[in-house]
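Note that the coordinates shown come from a computational prediction; the quantities given were computed from them, not determined experimentally.
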Amino acid sequence: MTVIAVTSWRGVGTSTTGLLLAAAVAASGSEAWFVEADAAGGVLASRAEGLDTSGGLERVAFALSDEPAHRSLASCARRLGQVNVVTGAWDPFQAWSTIASPRRPWVAGLARLDGTVVVDVGSMRGGNVPAWRVLDVADVVVVVATPEPASLTSTVSWIDSKGQTSPGIAGLSTQPRLVVVDAPLTTGERFGPDVAGELGDRLVGWWPWEPKVIDHIHRGGGLDHRSIRRFALPRAAHATVESLLGRTRVQEAVSV
């Protein structure tokens, strides 16, 4: 079992990146989970077609029963294609409460789910936000940036400091990894993939922005579907998962 936390410092696209990573894991034959734990509120409710977003993480966090957290997470999950999804509250107040002050702690339960669990924790910008506790238990932390200079350079700085942006923040015990999503959200100067060599082993993926693939995933389509085989984004997501989990582990998951 592996927990992958997906976050950003000065970027966008954590939810989409996380869902694509989970879809790539599922396409490899392994059990895949996607959990929305963004303190600003979940976004799948407005993007995913036909996804039942009732219950979700707030039901786990404020359940009155003594059921173990991992079982509650499993019972609240809904299928979006090949991925088990636990949606977050759309309301920011509720979303913050599920992470900052849950009646029942649930973060430790992530590690007891079978397969690979991808957790969208939103932005870490601003310091010691509640979702930091997810980063503490994660086996891998993926930080998403865009090629816009301010986003990429500040994100690399955050990665190199392991998230320690002030004396009051302990920082991460593991080295975060970088995924650059070439989303057309800004104008002006943009770095290209030619800077990958300067990013070194921080970088695990430079993803193109392909709306058809993203729409396909939000509709519950698999990342291995023939309708998107000619696109580059599915290949990039698969390559990133192999880099994060190790080719051997992915192959073992397929053989199970």
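The environment of CZ in Arg103 is crowded: more than 12 heavy-atom neighbours from other residues, nucleotides or ligands sit within 6.0 Å. Annotation for Asp91: atom CG counts as buried by contact number, over 12 foreign heavy atoms lying within 6.0 Å. A 6.0 Å sphere centred on CZ of Arg112 holds no more than 12 heavy atoms belonging to other residues, nucleotides or ligands.
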Check the pair Trp206, Val181 against side chain to side chain contact (heavy atoms under 4.5 Å, CB included), reporting the backbone distance first and the verdict last. CA-CA 6 Å; Trp206 192 292; Val181 179; over 6 Å; no
Take Thr98 and Trp106, measure what side chain to side chain donor-acceptor pair (under 3.5 Å) needs, and give me the verdict at the end. CA-CA 9 Å; Thr98 59; Trp106 54 267; 5.4 Å; no
Check against side chain to side chain contact (heavy atoms under 4.5 Å, CB included), His218 and Leu19: CA-CA 9 Å; His218 284 153; Leu19 187 57; 3.6 Å; yes
Hey, mind stepping through Thr174 and Asp139 against side chain to side chain contact (heavy atoms under 4.5 Å, CB included) and telling me if it holds? CA-CA 8 Å; Thr174 60; Asp139 300 289; over 6 Å; no
For Val117 and Met1, what are the C-alpha separation, side-chain angles and deciding distance, and is it a side chain to side chain contact (heavy atoms under 4.5 Å, CB included)? CA-CA 8 Å; Val117 184; Met1 199 291 312; 4.0 Å; yes
Checking Arg10 against Ser123 for the side chain to side chain donor-acceptor pair (under 3.5 Å) test, could you report, in this order, the C-alpha distance in whole Å, the side-chain angles of both residues, the deciding distance, and whether it holds? CA-CA 8 Å; Arg10 186 170 180 167; Ser123 176; over 6 Å; no
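Taking the side chain as every heavy atom from C-beta outward, Ser173 and Lys162 never approach each other to under 4.5 Å. The closest side-chain heavy-atom distance from Thr146 to Val180 is not below 4.5 Å. Leu20 has its side chain within reach of Trp207: a pair of non-hydrogen atoms, C-beta onward, lies under 4.5 Å apart. Taking the side chain as every heavy atom from C-beta outward, Val118 and Trp33 never approach each other to under 4.5 Å. Proximity of Glu58 to Ser97: side-chain heavy atoms (C-beta onward) are nowhere separated by under 4.5 Å. By the 4.5 Å heavy-atom criterion applied to side chains, Val179 and Val143 are not counted as neighbours. When side chains are defined from C-beta on, Thr116 counts as touching Ile4, because their heavy atoms get closer than 4.5 Å. At least one side-chain heavy atom of Leu172 sits under 4.5 Å from a side-chain heavy atom of Leu135.
For the pair Arg104 and Ser72, the tightest heavy-atom approach, listed with the atom from each and the gap, is NH2-OG, 2.8 Å. Of all heavy-atom pairs spanning Pro176 and Trp158, the tightest one is CG-CZ3, 4.2 Å. Between Val129 and Met124, the closest heavy-atom pair is CG2-CE, 3.3 Å. Nearest heavy-atom pair, Arg229 versus Asp224, reported as atom, atom and distance to 0.1 Å: NE-O, 3.7 Å. Looking at every heavy atom in both residues, Thr240 comes nearest to Gly205 through OG1-CA, 3.6 Å. Of all heavy-atom pairs spanning Ala69 and Val60, the tightest one is O-CG1, 4.3 Å.
A donor-acceptor distance shorter than 3.5 angstrom exists from the side chain of Glu210 to the backbone of Leu233, with no hydrogens or angles considered. Between the Gln175 side chain and the Ile159 main chain, a donor and an acceptor come within less than 3.5 Å of each other. In this structure a side-chain-to-backbone donor-acceptor pair under 3.5 Å is missing from Ser30 to Ala26. No side-chain donor-acceptor contact under 3.5 Å links Ser8 to the backbone of Thr14. Side-chain atoms of Ser243 do not come within 3.5 Å of backbone N or O of Ala239 as any donor-acceptor pair. With hydrogens and angles disregarded, a donor-acceptor distance shorter than 3.5 Å links the side chain of Glu36 to the backbone of Gly88. Between the side chain of Ser28 and the backbone N or O of Val25, at least one donor-acceptor pair lies under 3.5 Å.
Under a 4.0 Å N-O distance rule, the pair Arg202/Asp160 qualifies as a salt bridge. A salt bridge does not link Asp201 with Arg177: every distance from a Lys NZ or Arg NE/NH1/NH2 to an Asp or Glu carboxylate oxygen is 4.0 Å or more.
For the side-chain contact (heavy atoms from CB on, under 4.5 Å) with Thr7, the lone residue among Val119, Val121, Val144, Thr155 that qualifies is Val121. The one candidate from Asp38, Thr87, Leu73 that meets the side-chain contact (heavy atoms from CB on, under 4.5 Å) condition with Leu57 is Leu73.
In this model, no donor atom of one side chain and acceptor atom of the other lie less than 3.5 Å apart for Ser151 and Trp9. One side chain, Ser15 or Asp120, offers a donor N or O that lies under 3.5 Å from an acceptor on the other.
No chain of hydrophobic side-chain contacts below 4.5 Å, direct or via other Ile, Leu, Val, Met, Phe, Trp or Tyr residues, connects Ile214 to Val43. Neither Trp96 nor Phe62 shares a network with the other; the hydrophobic side chains, linked directly or stepwise wherever heavy atoms of I, L, V, M, F, W or Y lie under 4.5 Å apart, form separate groups for each. No chain of hydrophobic side-chain contacts below 4.5 Å, direct or via other Ile, Leu, Val, Met, Phe, Trp or Tyr residues, connects Val35 to Trp90. Placement of Trp209 and Ile228 within a single hydrophobic cluster is found when ILVMFWY residues are connected by side-chain heavy-atom separations under 4.5 Å, directly or transitively.
With values rounded to the nearest 0.5 angstrom, Leu113 atom CG is found 12.0 Å from Arg71 atom CZ. To the nearest 0.5 Å, the span separating CG on Leu51 from CZ on Arg219 amounts to 14.5 Å. For the atom pair CZ (Arg78) and CG (Asn84), the distance works out to 11.0 Å, reported to the nearest 0.5 Å. For the atom pair CG (Leu21) and CG (Leu244), the distance works out to 6.5 Å, reported to the nearest 0.5 Å. Here the CD1-CD distance, from Ile217 to Gln82, works out to 8.5 Å after rounding to the nearest 0.5 Å. Interatomic distance, Ser75 OG to His70 NE2, rounded to the nearest 0.5 Å: 10.5 Å.
Residue pairs meeting the ring pair (Phe, Tyr, Trp, His ring centres under 6.0 Å) criterion with at least one partner in residues 219-238, sequence neighbours excluded, are His216-His225.
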